[in-house]
*Asks:* 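Structure provided below as C-alpha cells; questions to follow.
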Amino acid sequence: MSDCLFCRIVAGEIPATLVRESERTMAFRDIAPQAPTHVLVVPKDHYPDVAALSAQPALLAELVEQAHQVAADEGLGERGYRLVFNTGADAGQTVFHAHAHVLGGRALGHLA
Ligand code: AMP
C-alpha cells in the first residue's frame with residue numbers, strides 16, 4: 001500500500017534504522033523510543049493489525065521469533081522485555097500496519 005508508512009519503510013522509500021530482517025519480516029528502531037530498546041517488528045506484507053495477521057499463523061510465529069531475537073541481540077534475553085501489539089483505537093494504535101513493539105532496557109512497571 002503506497003500510502004502506508006511501514007510499507008514505505010519496507011520498500012526503502014522512507015529511511016529507518018534496520019536492526020534485523022528475515023524473509024517475511026523487518027525490524028527497525030522506533031523513531032520516538034519509549035525505552036532504551038524500542039524496536040518495531042513488522043511483516044513485509046501489509047496487514048492492518050495483529051488481528052488480521054493472526055489469519056497467517058506461520059507469519060505471526062516468524063514475527064514473534066524475530067522479536068525474541070531482537071531482544072536477545074539487545075542483551076534483554078535474561079532481564080526480560082515487553083512485546084506489545086497495539087490494536088485499534090482504545091489501544092492507541094496510530095500506524096495501521098501490524099507491528100510488535102519490543103521494549104526493554106529499564107524496569108517497565110505494570111501495565112495500566
Ligand atoms: P502504534 O502507536 O502502536 O501504532 O505505534 C506506532 C509507532 O510507530 C510509534 O511508536 C511511533 O513512534 C512509530 N513511528 C512512527 N513513525 C515512524 C518512523 N518513520 N520510523 C520509525 N518509527 C516510527
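These numbers come from the heavy atoms of this one structure, side chains and all, not from hydrogens, waters or symmetry mates. Counting starts at 1 for both ligands and their atoms, following the listed order.
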*Asks:* Less than 6.0 Å separating the ring centroids of His101 and His99?
*Replies:*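 That pair passes the under 6.0 Å test.
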*Asks:* Given side chains that start at C-beta, do those of Val19 and Asp73 come closer than 4.5 Å, heavy atoms only?
*Replies:* no
*Asks:* Is the closest basic N to carboxylate O distance between Arg20 and Glu74 below 4.0 Å?
*Replies:*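 Salt bridge flag = no for Glu74 with Arg20.
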*Asks:* Mind checking whether Phe6 and His97 have parallel, tilted or perpendicular rings, split at 30° and 60°?
*Replies:* perpendicular
*Asks:* With no hydrogens and no angle check, is any side-chain donor or acceptor of Gln93 less than 3.5 Å from a backbone partner on Val95?
*Replies:* yes
*Asks:* Answer with yes or no whether the side chains of Glu65 and Gln69 bring together a donor and an acceptor at under 3.5 Å.
*Replies:*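 Gln69 vs Glu65: donor-acceptor pair found between side chains.
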*Asks:* Which protein residues have a heavy atom closer than 4.0 Å to any atom of ligand 1, listed by chain and number?
*Replies:*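 The answer is Leu5, Phe6, Ile9, Phe28, Arg29, Asp30, Ile31, Ala32, Leu40, Asn86, Gly92, Gln93, Thr94, Val95, His99, His101, counting any residue whose heavy atom sits under 4.0 Å from ligand 1.
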